[in-house]
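First comes the structure, then the notes that go with it.
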Number of protein chains: 2
Amino acid sequence: MPFIYENYSGFRDVTEVVNGIMLGTPPAERPTMPATARPATDSRQPEIPAKRRAGRPSSAVLDQAVITSAALRLIGKSGYDGLTMAALARSLHVAPSALYNHVTSKRDVLVLVEDHLASLVDVSAFGAEPWDEAVRQWAWSYRDVFSKHTPLIPVIAVLPVTDAPQTLAMYESVSEGLRQAGFPQERIVSSIVALESFIFGSAYDVTAPADIFDPGSMAESTPNFTAAVRSLAEQGHEKPADVAFSLGLEALISGLGALRR
Amino acid sequence: MPFIYENYSGFRDVTEVVNGIMLGTPPAERPTMPATARPATDSRQPEIPAKRRAGRPSSAVLDQAVITSAALRLIGKSGYDGLTMAALARSLHVAPSALYNHVTSKRDVLVLVEDHLASLVDVSAFGAEPWDEAVRQWAWSYRDVFSKHTPLIPVIAVLPVTDAPQTLAMYESVSEGLRQAGFPQERIVSSIVALESFIFGSAYDVTAPADIFDPGSMAESTPNFTAAVRSLAEQGHEKPADVAFSLGLEALISGLGALRR
DNA sequence: TTCGTAAATGAATGGCATTCATTTAGTGGT
DNA sequence: ACCACTAAATGAATGCCATTCATTTACGAA
């Protein structure tokens, strides 16, 4: 008997709601009212969208593209902790269950986001620059994009490429670049996997706290490590994550370059 | 008024419980009964542990070591999806809230597990073998241990070493090995970070589905990548994750070796 | 007109980590 | 010997979460 019930917050019909509690006749008994006949208050308060009746709307509210961009907006504002199906639905002025007409699970949403991000990775240097410079630009770009989205890494790392067309397109660009650079066909995928593994691991480093290696009270029992940490801190003014990434990437590039014929 | 209430499953006093429902006087009114005076059924049915009264037990049931090994057992049996605070408590015949006297959060449990695993990584070759061979053995061992525990990677990657003494001990061994091999002090940490990043990323690969790179219906639009995938499949009979790991690791070892003096 | 399907709402459901009041046991001080 | 304090357990919430299902409504094809 829903004579009194709550609504989604931030998704209220001001004509009927007081203090977050809606009072009135139950929805089934309320006469339908076409959108064009709604009170003028609706158009003057766009920040409080009109409540949608149950049932299929005249024009679809959701699709995968809309969900993807809302998810990205939400991640930008609230981070991955804030990305819940409920919050995503709220940001789209929709009931949580409505999302499941377009995605089968939250993981699906993450895959949509991942594939969008893959399209932001810069592969333009392949074909335009020497292979090693192209790999360098691609790798830095790839790391920078995903260092802001590390919660996706466990998803990407085991994601079949079929489910991610933009990601696949990225692999195609890199594959073509390596083939033209003289990499033997059968080593290309392994080389990409090796580079990508390094990139994913390095993306986490970017987000690590600055004092992650401070041995604290255990400094005496770890003299070699402690000295190495101190020496790094004294030496460089670059970000430690960038130094390590550069070091490893250059090692990989020169090591993999030896495979070419 | 708990005259009728449920118990934790698998944690029942057979003398008082029927069909998962306990009938009888509430705990406050039940006379206390010392453990030595308990019915003999207790000792003959150890698989159904006696229900513990509320209040501090005579000897402590939990500590961090007990929690850690229970967590590892649970992970082995049910995977990380099965590692919940409730399941962990159940496996220890304890109420979930009891765990919080010894850890502050589930993340704490993961850190305990991580640090235990770090002690399983083989660093014995440092000092006993040439530096490159020592790095090789360490890296393979490290990857193998954590490929079965990938959900820990997001935790480790940003974990201050102070909170993980065994992990710190591992770093100390590697640092000493690299110093003795002639690596300049200020490059040692960066080298370890680069290797570790590659290792973490590669640990995910191990768990990826075999057909992760099958382009499916999009094969025509990705000729270079498709050819590379096919060529790898035809070529090798080794596990693709192992081939890529070997390739990248050897590249890193030879690249980093150039830093020595 | 009727029927089937797509896309929305609304109301559960069960599981989750965590918190808090309460109970009990040991310990250190007077 | 008593008393206060603290540690370590239980039991009962709390609030959030992803997901499911019945229901409602709209549109398009037969």
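FYI, side chains are in, hydrogens and waters are out, and symmetry mates aren't considered; it's all heavy atoms of this structure. Residue numbers start from 1 in every chain, and the chains themselves are labelled A, B, ... in the order their sequence lines are given, proteins ahead of strands.
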B:Leu62 CG to D:dT10 P, straight-line distance once rounded to whole Å: 8 Å
A:Arg52 side chain N/O closer than 4.0 Å to the phosphate oxygens (OP1, OP2) of C:dA7? no
Taking the side chain from A:Thr207 and the backbone from A:Ala203, do they hold a donor-acceptor pair closer than 3.5 Å? no
Calculate, to the nearest 0.5 Å, the distance between atoms NE2 and OG1 belonging to B:His116 and B:Thr68 respectively. 8.0 Å
Between atom CG in B:Asn101 and atom P in C:dA25, what is the gap in whole Å? 16 Å
Distance only, no hydrogens: is a donor on one side chain within 3.5 Å (strictly under) of an acceptor on the other, for A:Tyr204 and B:Glu196? no
Value rounded to 0.5 Å, distance of CG in A:Leu74 from OG in A:Ser69: 11.0 Å
Is the distance from OP1 or OP2 of C:dA6 to the nearest side-chain N or O of A:His102 less than 4.0 Å? no
Over all strands shown, is B:Ala98 touching base, sugar-phosphate only, or nothing at heavy-atom distances under 4.0 angstrom? base
Between D:dA18 (P) and A:Leu110 (CG): distance, integer Å: 10 Å
Under 3.5 Å, side chain of A:Arg52 to main-chain N/O of A:His93, donor-acceptor pair present? yes
Length of the line joining A:Arg56:CZ and D:dA26:P, which is rounded to integer Å: 10 Å
Taken to the nearest whole Å, CG/B:Asp63 to C1'/D:dA9 is 14 Å
Would a distance-only check, ignoring hydrogens and angles, find a side-chain to backbone donor-acceptor pair under 3.5 Å from A:Asp63 to A:Val66? yes
Expected string for nucleotides 15-21 of chain C under the B/S/- scheme (protein heavy atoms, under 4.0 Å, primed atoms plus P, OP1, OP2 as sugar-phosphate) is -SSBBB-
